[in-house]
Amino acid sequence: MTESTHLLPLGQSVATAKGWDGATRAIMLAGKKLVALPESARTEDALVPACESKVWVACLYSPDTSELVIAAYSPSKIIRGVLAVLLEKANSLSDEQRKAYDFEQYMNACNLQRHLSQSRGNGILSVLRRLNTL
């Protein structure tokens, strides 16, 4: 594993989970750690197109850290977990690093792809493109 795909704690928990049930549980638990996008910020501009379940992704000012962070929301528990894993990585990178980062490679390193249906996977690819442009 290269430095660029170094797994952070949520990604590591999914990658090392035993079996399908263990991975699903790890993804759902990760969702509880998601930096949630407040309902007031779930606007048309923040809505990611091509997602089976609605997904909103946007930058917010964090009063805790006094920095901009990427936050997201989806009504789907599985998608919230996937978003939590991805945003954990995205928020650990500088703007310049995030814009060039290969989030698809990170998803593969976390073994997330195998837990997504084709339509959910296509939607998450739209999320990955959004992460590179924020």
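The first residue in the sequence is number 1, and the count goes up from there.
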Output the distance between atom [atom1] ([X]) and atom [atom2] ([Y]), rounded to the nearest 0.5 Å.
X: Arg42; Y: Lys54; atom1: CZ; atom2: NZ; result: 11.0 Å
X: Asn132; Y: Asp102; atom1: CG; atom2: CG; result: 8.0 Å
X: Lys89; Y: Gln97; atom1: NZ; atom2: CD; result: 8.5 Å
X: Trp56; Y: Asp45; atom1: CH2; atom2: CG; result: 13.5 Å
X: Lys33; Y: Ser13; atom1: NZ; atom2: OG; result: 9.5 Å
X: Leu125; Y: Leu116; atom1: CG; atom2: CG; result: 9.0 Å

Does the pair Ser92 and Leu8 meet the rule for a side-chain contact (heavy atoms from CB on, under 4.5 Å), with working shown? CA-CA 9 Å; Ser92 75; Leu8 296 176; 3.7 Å; yes
So, do [X] and [Y] sit near enough that their side-chain heavy atoms are less than 4.5 Å apart?
X: Asn91; Y: Glu67; result: no
X: Ile70; Y: Val35; result: no
X: Ile27; Y: Arg80; result: no
X: Cys110; Y: Leu7; result: yes
X: Leu86; Y: Ile124; result: yes
X: Tyr106; Y: Val85; result: yes
X: Glu104; Y: Gln113; result: yes

Set of side-chain hydrogen bond (donor to acceptor under 3.5 Å, both in side chains) partners for Arg25, sequence neighbours left out: none
With sequence neighbours left out, write down each residue that passes side-chain hydrogen bond (donor to acceptor under 3.5 Å, both in side chains) with Asp95, or none if nothing qualifies. Arg98
Under 3.5 Å: donor-acceptor pair, side chain of Arg130, backbone of Leu47: yes
Do [X] and [Y] sit in one hydrophobic cluster, given that two such residues count as connected whenever their side-chain heavy atoms are within less than 4.5 Å of each other, even indirectly?
X: Leu131; Y: Leu37; value: no
X: Leu112; Y: Leu128; value: yes
X: Ile78; Y: Leu29; value: no
X: Leu134; Y: Tyr73; value: no

What are the two closest heavy atoms between [X] and [Y], and how far apart are they?
X: Ala41; Y: Ala46; answer: O-CB, 3.6 Å
X: Ala15; Y: Asn111; answer: O-ND2, 3.4 Å
X: Val57; Y: Ala72; answer: CG2-CB, 3.9 Å
X: Ala36; Y: Leu60; answer: O-CD1, 4.5 Å

Between Arg129 and Ser126, does any side-chain donor sit less than 3.5 Å from a side-chain acceptor? yes
Could you check Glu88 against Leu34 for side-chain contact (heavy atoms from CB on, under 4.5 Å), going step by step and ending with a plain yes or no? CA-CA 8 Å; Glu88 177 185 43; Leu34 178 66; over 6 Å; no
